[in-house]
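Reckoned from all heavy atoms, side chains included, excluding hydrogens, waters and symmetry mates.
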Amino acid sequence: QVQLVESGGGLVQAGGSLRLSCEASGRTFSSYAMGWFRQAPGKEREFVAAINWSGGRTYYADSVKGRFTISRDNAKNTVYLQMNSLKPEDTAVYYCAARTYYSGSVYYTTPDKHDYWGQGTQVTVSS
């Protein structure tokens with residue numbers, strides 16, 4: 001069993017930055033691919049970014065490409081999402097998720113392909 005705990009959300013003005021963190025329990029974190037998803041009120045959960053087990057491959061949704069950066073520190077069991085140039089449409093609850101199979105790939109981007117989820121952290125971007 002893996003537990004994921006997100007932190008770093010908050011309220012920020014448009015154009016600002018936030019860094020989200022997701023710390024995992026357990027000794028197998030480095031074998032998982034990790035993803036960030038978000039869900040705005042009344043909308044479905046959507047893919048934001050993914051990173052493979054080693055950190056050598058990343059993949060982004062078109063809506064955040066060039067503004068967000070996903071990274072990981074396997075020694076700290078933590079994955080990060082650096083969010084720059086934030087827009088009001090980035091407002092959502094952000095979730096990290098772990099995928100235990102095909103962890104070398106970053107192209108499994110749907111929620112059903114992920115095995116473990118954090119509780120989410122709210123990001124609000126004011127205009």
Side-chain angles (χ1 to χ4, degrees):
Q1 190 73 9
V2 175
Q3 290 187 328
L4 303 173
V5 179
E6 301 98 335
S7 62
L11 173 64
V12 64
Q13 288 188 333
S17 299
L18 283 174
R19 188 175 84 154
L20 305 183
S21 299
C22 172
E23 185 171 358
S25 65
R27 295 175 291 178
T28 54
F29 172 78
S30 61
S31 66
Y32 301 152
M34 297 297 296
W36 285 97
F37 292 78
R38 66 187 182 186
Q39 189 166 18
K43 295 187 176 181
E44 293 188 352
R45 193 168 297 190
E46 66 173 2
F47 168 75
V48 174
I51 190 166
N52 74 336
W53 68 271
S54 69
R57 295 181 180 177
T58 58
Y59 185 63
Y60 299 91
D62 288 343
S63 58
V64 306
K65 199 174 298 181
R67 300 188 297 122
F68 290 11
T69 302
I70 188 171
S71 62
R72 68 190 296 161
D73 185 338
N74 286 342
K76 295 182 178 180
N77 279 12
T78 302
V79 63
Y80 305 97
L81 186 68
Q82 177 67 44
M83 306 186 295
N84 298 329
S85 302
L86 282 161
K87 304 176 181 179
E89 51 263 44
D90 294 318
T91 295
V93 178
Y94 282 71
Y95 299 89
C96 69
R99 176 164 48 81
T100 60
Y101 63 94
Y102 297 115
S103 60
S105 172
V106 292
Y107 300 119
Y108 294 89
T109 59
T110 56
D112 64 307
K113 296 295 191 292
H114 292 73
D115 305 284
Y116 302 104
W117 291 84
Q119 82 290 348
T121 186
Q122 176 70 46
V123 172
T124 303
V125 184
S126 64
S127 58

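Side chain of Asp115 to backbone of Thr100: a donor-acceptor contact under 3.5 angstrom is found. A donor-acceptor contact shorter than 3.5 Å is absent between the side chain of Ser105 and the backbone of Ser103.
Because its NZ or CZ atom is not both nearer than 6.0 Å to the ring centre of Trp53 and within 45° of the ring axis, Arg99 does not count as a cation-pi partner of that residue. Cation-pi geometry between Arg72 and Phe29 is satisfied (NZ or CZ under 6.0 Å from the ring centre, within 45° of the ring normal).
The two residues Leu4 and Val2 have their closest heavy-atom pair at CD2-CG1, 3.8 Å.
Side-chain contact between Thr91 and Val123 is absent, with no heavy atoms from C-beta onward closer than 4.5 Å. Side chains of Thr110 and Tyr108 form no contact here, defined as non-hydrogen atoms less than 4.5 Å apart. Annotation: side chain of Lys113 is in contact with side chain of Tyr101 (closest heavy-atom distance under 4.5 Å). Counting only heavy atoms from C-beta outward, the side chains of Cys96 and Gln119 never approach each other to under 4.5 Å.
Here the straight-line distance linking atom CG of Leu81 with atom CE of Met83 works out to 5.5 Å at 0.5 Å rounding. Note that CD of Glu6 and CH2 of Trp117 are 9.5 Å apart. Values are rounded to the nearest 0.5 Å. Atom NZ of Lys65 sits about 10.0 Å away from atom OG1 of Thr58, to the nearest 0.5 Å. Separating the OG atom in Ser85 from the CZ atom in Phe68 is a distance of 9.0 Å, to the nearest 0.5 Å. In this structure, CG on Asn77 lies 9.5 Å from CE on Met34, to the nearest 0.5 angstrom.
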What pairs of donor and acceptor atoms, side-chain ones from residues 13-25 against any protein atom, are under 3.5 angstrom apart with sequence neighbours left out?
unit_1 : atom_1 : unit_2 : atom_2 : d
Ser17  : OG     : Asn84  : OD1    : 2.9
Ser25  : OG     : Gln3   : N      : 2.9

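Applying the side-chain contact (heavy atoms from CB on, under 4.5 Å) rule to Lys43 yields the partners Ala40; only residues at least two apart in sequence or on another chain are considered. The side-chain hydrogen bond (donor to acceptor under 3.5 Å, both in side chains) test applied to Arg67 returns Asp90, not counting sequence neighbours. Every residue two or more places apart in sequence or in another chain that forms a side-chain hydrogen bond (donor to acceptor under 3.5 Å, both in side chains) with Thr124 is listed here: Gln122. Applying the ring pair (Phe, Tyr, Trp, His ring centres under 6.0 Å) criterion to Tyr59, with sequence neighbours excluded, gives Phe47, Tyr107.
Between Phe37 and His114, the gap from one ring centroid to the other is short of 6.0 Å.
For residues 28-37, the side-chain hydrogen bond (donor to acceptor under 3.5 Å, both in side chains) pairs, not counting sequence neighbours, are Thr28-Tyr32.
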Begin from the C-alpha positions of Glu46 and Gln39 and carry the test side chain to side chain contact (heavy atoms under 4.5 Å, CB included) through to its verdict. CA-CA 6 Å; Glu46 66 173 2; Gln39 189 166 18; over 6 Å; no

Given the rule in the side chain to side chain contact (heavy atoms under 4.5 Å, CB included) test, do Thr121 and Val93 qualify, once you have shown the distances and angles that lead to the verdict? CA-CA 5 Å; Thr121 186; Val93 178; 6.0 Å; no

With side chain to side chain contact (heavy atoms under 4.5 Å, CB included) as the test, would you mind laying out the steps for Tyr95 and Arg38 before giving the verdict? CA-CA 6 Å; Tyr95 299 89; Arg38 66 187 182 186; 6.0 Å; no

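Cluster membership for Val12 and Val48, using ILVMFWY side-chain heavy atoms within less than 4.5 angstrom, is shared. A continuous path of Ile, Leu, Val, Met, Phe, Trp and Tyr side chains, each step under 4.5 Å between heavy atoms, connects Val125 with Tyr60, placing both in one hydrophobic cluster.
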